[in-house]
Amino acid sequence: MILDCAGKALDLSVPQVMGILNITPDSFSDGGQFSDIDAALFQAERMVEEGAAIIDIGGESTRPGAEAVSVQEELDRVIPVIERLAAAVPLPVSIDSNKPQVMREAVNAGAGLINDVMALQAQGALDVVRELTVPVCMMHMQGQPRSMQRNPVYSDVVDDIMAFFAERIRACQQAGIDRSRLIIDPGFGFGKTLAHNQTLLKHLERFAQLQLPVLVGISRKSMIAAMLDAAPVDQRLFGSLAAAVMAYERGASIIRVHDVKPTVDALRVASAVLQVD
Ligand code: 8Y4
């Protein structure tokens with residue numbers, strides 16, 4: 001299957017890597033424009049060379065406990081980078097935002113995919129996305145970023161999240177968003193205990209039953225640390241690669257990572273073996 005990301009093709013018949021582009025806000029330079037944007041472009045070019053298929057850009061931290069960012073602040077951070085990047089690289093640029101106004105301006109600036117950790121539940125998001133024609137990833141989160149890790153509870157984590165997707169897919173179709181534009185993501189670490197995250201990864205193939213592309217983001221997350229004696233963030237690569245390969249074997253087609261080259265190599269090996277009869 002091939003997705004049209006604002007004129008850039010994304011081939012999902014092979015595993016694809018989404019590279020995470022960190023935009024460092026408020027750095028020293030005068031006005032911030034020169035060094036911030038150039039640093040982001042440099043990092044993105046490297047991810048392209050390393051085999052990324054998508055570059056994901058976010059201007060708001062969605063980590064547990066993170067502070068909210070105003071719409072204007074988020075636009076100021078991401079729009080200049082998207083404009084330059086979309087023109088400079090052959091890959092689709094993804095906008096990581098839950099705000100309809102940011103989604104619209106990002107797509108107008110050249111973004112080819114929307115990555116929404118709130119699964120289009122923000123006021124007005126469904127209507128804006130109907131008008132844009134790009135694919136959208138809807139991620140599951142239980143609770144709000146500030147408090148989601150306090151005491152997450154599910155009756156059955158896979159069943160509950162499947163039911164969530166069924167409802168969101170219906171909401172999209174009711175809003176006039178074609179099913180062919182949808183990607184789903186169980187949202188590792190977003191309102192989940194370690195046991196929930198492990199169950200989701202072990203049984204990830206059940207999400208493939210919805211017949212939509214599955215995206216996962218596990219790279220360097222605390223679930224990896226929790227299985228590696230609390231490894232610090234710079235010691236989580238090999239564990240993240242194991243999780244990436246497991247997710248791919250269970251039907252994920254897009255893996256969102258910090259470490260592009262190691263993940264691309266791991267998935268090339270896994271894919272070559274799985275393609276043998
Ligand atoms: C270390 C490294 C510790 C990373 C925490 C983190 C996802 C996502 C995020 C995801 C999709 C993160 C924007 C959290 N995670 N989008 N975004 N799926 N679709 N934390 O899993 O990377 S941000």
Side-chain angles (χ1 to χ4, degrees), residues 3 5 10 12 16-23 52-69 74 77-78 92-99 102-103 106 111 113-122 125 129 134-146 148-149 152 157 161 164-165 168 182-192 194 196-197 200-201 204 207 212-228 230-241 243-244 246-248 252-260 263:
L3 286 183
C5 300
L10 180 61
L12 296 183
Q16 298 289 13
V17 168
M18 169 185 272
I20 302 168
L21 185 64
N22 294 310
I23 302 189
I54 310 162
I55 309 284
D56 191 40
I57 298 184
E60 179 187 31
S61 178
T62 28
R63 290 182 183 205
E67 302 255 334
V69 166
E74 203 177 319
R77 287 183 193 175
V78 299
V93 173
S94 152
I95 173 66
D96 157 20
S97 181
N98 49 243
K99 299 186 182 73
V102 176
M103 295 172 184
L113 193 146
I114 293 164
N115 177 25
D116 185 1
V117 301
M118 282 186 43
L120 309 182
Q121 293 173 100
V129 168
V134 301
V136 56
C137 176
M138 295 195 292
M139 197 199 78
H140 174 269
M141 165 163 50
Q142 183 181 91
Q144 315 260 312
R146 269 190 53 144
M148 64 190 177
Q149 290 306 104
V157 69
I161 295 175
F164 170 82
F165 287 137
R168 293 318 296 155
L182 304 180
I183 299 169
I184 54 173
D185 179 341
F188 285 96
F190 286 83
K192 282 115 188 160
L194 172 61
H196 293 142
N197 289 316
L200 284 173
L201 181 52
L204 196 72
F207 295 100
L212 293 177
V214 173
L215 186 157
V216 300
I218 312 177
S219 175
R220 299 186 190 172
K221 282 185 179 173
S222 63
M223 65 180 281
I224 301 297
M227 293 183 273
L228 297 175
V233 72
D234 64 346
Q235 299 295 316
R236 299 178 189 172
L237 172 59
F238 309 126
S240 298
L241 294 176
M246 290 185 73
Y248 165 58
S253 46
I254 305 172
I255 317 287
R256 180 180 180 274
V257 303
H258 302 83
D259 307 285
V260 171
T263 310

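Any value given below was found using the heavy atoms of this structure, including those in side chains, with hydrogens, waters and symmetry copies removed. In each ligand, atom 1 is the first atom listed, and ligand 1 is the first ligand listed.
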Between Arg220 and Asp259, does at least one N-O distance fall below 4.0 Å, as a salt bridge requires?
-> yes
Lys99/Glu60 salt bridge by N-O under 4.0 Å criterion = yes
Which atom pair, heavy atoms only, marks the closest approach of Gly59 to Val78?
->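 Looking at all heavy atoms of both residues, the closest pair is N-CG1, 3.4 Å.
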Specify the closest pair of heavy atoms between Phe190 and Gln149, including all atoms of both residues, with the distance to one decimal.
->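 So the minimum-distance heavy-atom pair works out to C-OE1, 3.9 Å.
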For [X], take its heavy atoms, then give the atoms of ligand 1 lying under 4.0 Å from any of them.
X	answer
Asp96	13 (C)
Ser219	2 (C), 4 (C)
Phe190	7 (C), 9 (C), 14 (C), 15 (N), 23 (S)

Would you check the N or O atoms of Asp185, main chain and side chain alike, for any that come under 3.5 Å of an N or O of ligand 1?
->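 By distance alone, the answer is yes.
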Contact (N/O only, under 3.5 Å) between Gly217 and ligand 1 |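 N/O-N/O distance under 3.5 Å: yes.
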Which part of Leu215 is near ligand 1, with near meaning a heavy atom under 4.0 Å away: side chain, backbone, both or neither?
->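 Side chain only.
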Mind checking whether Ser222 contacts ligand 1 via backbone (N, CA, C, O), side chain (CB onward), both or neither, at a 4.0 Å heavy-atom cut-off?
-> neither
Heavy-atom proximity to atom 15 (N) of ligand 1 ranks first, among Lys221, His140, Arg220, for Lys221
Is the closest side-chain donor-acceptor distance between Ser97 and Glu74 under 3.5 Å?
->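 Present: a donor and an acceptor within the cut-off.
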Under 3.5 Å, is there a donor-acceptor pair between the Asn98 and Asp116 side chains?
->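 No, because no side-chain N or O of Asn98 sits under 3.5 Å from a partner of the opposite role on Asp116.
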Does any non-hydrogen side-chain atom of Ile254 lie less than 4.5 Å from one of Leu10?
->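 With C-beta onward as the side chain, the pair touches.
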Return yes when Met18 approaches ligand 1 closer than 4.0 angstrom through a heavy atom, no otherwise.
->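 It does not, in that no heavy atom of Met18 comes within the 4.0 Å cut-off of ligand 1.
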